[in-house]
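First comes the structure, then the notes that go with it.
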Amino acid sequence: MSHGYLILALSAIPLAAQHSDTALKNSFQSTDDRIRGGAFYRSQCASCHGIDGKGGASGPALDTGHFRHASNDEGLFRVITKGIAGTSMPGFSMNGREIWQIVAFIRSMNVDRAGSAVADSAQAGAQLFADLRCQNYHWFRGAGAPRGRDLTAIGSRLNGAELLTALIDPSAEVAPQYWQWRATTNTGETLRGSRLNEDTFSLQILDHIGKLRSVAKASLKEQTLERRSAMPSFKDKLSAQQLNDFVAFLQGAIQ
């Protein structure tokens, strides 16, 4: 985990409950929660505890189900949020749900050693990348669509949670260069693509097949600019495990 001690305001958890005799229960244990927790784990925890949870130079193993400073899920929550005094374990400034999702992922490693399959997961994600023909739309390691978004180092720019969001809700945040331009010409032809530049009399677009075109404004009957991604959502097309595999692949793509 990264260094420095951070304080978390646990707005989602009443203070009184933190001091009760009944241990708090993790309400975020769905498959999606574990996937998101795994993404947070890889971006925040793996450098110390190992990508597979088996421990590292400065952090103990987390895949055994036995923890020196926690006996239940609430204890794990407290360790992650407050850190451990006198050790290299800091507290983390994340919201309560994100912390519980990390706890859920750690527990999944204890139950089925999911963390030990990270390499296999990334390999499965690579196969998905090929099967879905992503290189028809993206540039990756020197090959693919020349003008498509370069995914070679995407894992260095986006963390696991952000990558997951990009897969299941690609229009959540779209840079202007990826907004979708659509137009109908005076002759009834439909044009679509990304608008690259515009002057007084013409538009320069990258059409949907990757061809650079200059379109005279006078030739257009109507045009619209949609602030959404052309990439489809994989939320209902890929299983939770496949999404996890895809994220694992994209995170490892920089290596």
Side-chain angles (χ1 to χ4, degrees), residues 1-2 4-56 58-85 87-118 121 159-165 167-169 172 235 238-248 251:
M1 293 188 175
S2 59
Y5 289 84
L6 302 170
I7 298 175
L8 174 67
L10 304 178
S11 58
I13 303 175
L15 270 178
Q18 296 180 43
H19 297 288
S20 69
D21 293 331
T22 304
L24 295 176
K25 302 297 183 182
N26 186 356
S27 299
F28 303 99
Q29 301 189 62
S30 69
T31 299
D32 184 64
D33 287 321
R34 291 194 297 273
I35 289 173
R36 290 183 178 275
F40 290 131
Y41 175 88
R42 285 188 288 273
S43 66
Q44 301 292 331
C45 314
S47 61
C48 291
H49 296 283
I51 193 74
D52 56 4
K54 293 186 180 300
S58 58
L62 298 178
D63 68 338
T64 64
H66 302 287
F67 310 101
R68 181 178 300 177
H69 298 279
S71 60
N72 53 30
D73 285 358
E74 181 180 0
L76 287 173
F77 187 100
R78 290 178 182 276
V79 167
I80 296 171
T81 57
K82 297 185 176 182
I84 302 173
T87 74
S88 60
M89 175 66 189
F92 279 80
S93 180
M94 302 172 73
N95 67 49
R97 178 171 187 156
E98 292 168 346
I99 299 295
W100 281 126
Q101 287 171 334
I102 293 175
V103 171
F105 175 74
I106 291 174
R107 285 303 190 189
S108 75
M109 288 195 293
N110 306 157
V111 172
D112 57 16
R113 299 299 192 271
S116 66
V118 170
S121 181
N159 63 34
E162 290 168 333
L163 289 170
L164 180 61
T165 297
L167 290 171
I168 63 178
D169 187 10
K235 182 177 181 180
L238 297 178
S239 68
Q241 183 58 55
Q242 287 175 316
L243 287 169
N244 192 43
D245 293 341
F246 216 141
V247 169
Q251 286 190 304

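Computed from a prediction, not measured in an experiment: that's the story for all the values here.
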Does the Ser88 side chain pair with the main chain of Ser58, one donor and one acceptor, at a distance under 3.5 Å?
yes
key: Expected output: side-chain His49 to main-chain Gly56 donor-acceptor under 3.5 Å   = no
Nearest atoms (heavy-atom pairs only) where [X] meets [Y]:
X	Y	value
Ala240	Ile35	O-CD1, 2.8 Å
Glu74	Leu24	OE1-N, 2.9 Å
Val79	Ala70	CG2-CB, 4.5 Å
Asn26	Trp100	ND2-O, 3.0 Å
Leu243	Ile168	CD1-CG2, 3.8 Å
Ala104	Phe28	CB-O, 3.4 Å

Side chains of [X] and [Y]: does their closest heavy-atom pair fall under 4.5 Å?
X	Y	result
Phe105	Asp33	no
Arg68	Ile84	no
Leu76	Arg107	yes
Phe246	Leu167	yes
Arg42	Ile51	yes
Phe92	Thr81	no

Residues at least two apart in sequence or cross-chain that pass side-chain contact (heavy atoms from CB on, under 4.5 Å) with Ser239, listed by chain then number, are Gln241, Gln242
Nearest-0.5 Å distance that lies between atom [atom1] in [X] and atom [atom2] in [Y]:
X	Y	atom1	atom2	result
Ile102	Tyr41	CD1	OH	10.0 Å
Cys45	Met89	SG	CE	6.5 Å
Leu163	Ser43	CG	OG	9.5 Å

Contacts of Thr31 meeting side chain to side chain donor-acceptor pair (under 3.5 Å) (sequence neighbours excluded), chain-then-number -> Arg34
Practice task
Take Gln101 and Arg36, measure what side chain to side chain donor-acceptor pair (under 3.5 Å) needs, and give me the verdict at the end.
Solution key: CA-CA 7 Å; Gln101 287 171 334; Arg36 290 183 178 275; 5.7 Å; no
- prompt: Salt-bridged, Asp73 to Lys25, with N to O below 4.0 Å?
  reply: no
